[in-house]
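Below is one structure; the comments refer to it alone.
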Amino acid sequence: MKNLLASLLLTIVSIATANATILNATTNVDNTFRLYVSTSDATLGTLMGSGVDWPTTYTSSALLAANTTQYIHLVATNQGGPGGFLGMFTLSDTAFAFDNGTQTLLTNPTDWMQNTTGFGNASSAAVAEGSNGVGPWGLRGGYGANSPTWIWNYVSNNGNDFQTVYFSARINSRDDGQQVPEPASLVLLALGLAGLAVARKRSAK
């Protein structure tokens, strides 16, 4: 009986994980960054990835909570010289969409907001510094045929700043009824199946 219940729970968890929406990130930041996903634009959120070397293209991923609008939060710190954030974000299915209506979001001055005081504070649109390949950074690998734009809070690629910039972009839930079941629903399903198995075993005796 214990083996049956464990098997049922494992199957349910596997199904839930397989159907969950995954947010994938590809990023370069001059100089360091911490990447979060949050259910509130005013709260930092859960750490998704980080990096300390701007020429390195970092990748990371996170599961999104179902039926909830969420936010990408990136804290970028420049340590002198030019500052910039280059990135590509993708969603594994259509349960969510970025503000551009698709499952792919590149860094650009339209879909990203920024400020230098923290999440939840007044923000303005990010400023474009040029597409991947522009100087002084050159072409960064890992983006395929996509051409994200380096962004910052001003055009700093000929400057020398030591700012920390807070970038934010929204991930919208489609709420189409095809989301991953809530944990409570999964537990009830497991208990119901276990109860049926017990009843069948007793009737067999």
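Only heavy atoms go into these numbers, but all of them, side chains included; no hydrogens, no water, no symmetry mates.
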* Less than 4.5 Å apart, any side-chain heavy atom of Asp53 and any of Pro55? -> yes
* How is the hydrophobic cluster of Leu106 composed, in terms of its other members, when Ile, Leu, Val, Met, Phe, Trp and Tyr link through side-chain heavy atoms under 4.5 Å apart, directly or indirectly? -> Trp54, Leu86, Met88, Val134, Trp137, Tyr143, Trp150
* To do: Using the test side chain to side chain contact (heavy atoms under 4.5 Å, CB included), find all partners of Ala25 that sit at least two apart in sequence or belong to another chain.
  => Leu35, Met48, Ser60, Phe89
* Asked: Hey, are the side chains of Tyr36 and Thr43 touching, using non-hydrogen atoms and a 4.5 Å cut-off?
  -> no
* Asked: Is any side-chain heavy atom of Tyr58 closer than 4.5 Å to a side-chain heavy atom of Phe33?
  -> yes
* To do: Decide yes or no for Phe167 and Ile151: does some side-chain heavy atom of the first lie under 4.5 Å from some side-chain heavy atom of the second?
  => yes
* Taking only residues two or more places apart in sequence or in another chain, which ones pass side chain to side chain donor-acceptor pair (under 3.5 Å) with Gln70? -> none
* If you look at every heavy atom in Asn78 and Asp30, which pair is closest and at what distance? -> OD1-O, 3.5 Å
* To do: State which residues pass salt bridge (Lys or Arg N to Asp or Glu O under 4.0 Å) with Arg170; sequence neighbours excluded, sorted by chain then number.
  => Asp99
* Structure fact -> Residues passing the side chain to side chain contact (heavy atoms under 4.5 Å, CB included) test with Thr164, sequence neighbours excluded, are Val75, Thr77, Tyr166
* To do: Enter the distance from Leu63:CG to Ser92:OG here, rounded to the nearest 0.5 Å.
  => 8.5 Å
* To do: Could you check if a side-chain atom of Thr57 sits within less than 4.5 angstrom of a side-chain atom of Thr26, using non-hydrogen atoms only?
  => yes
* Residues in side chain to side chain contact (heavy atoms under 4.5 Å, CB included) contact with Tyr154, at least two apart in sequence or another chain -> Trp152, Ser156, Asp161, Gln163
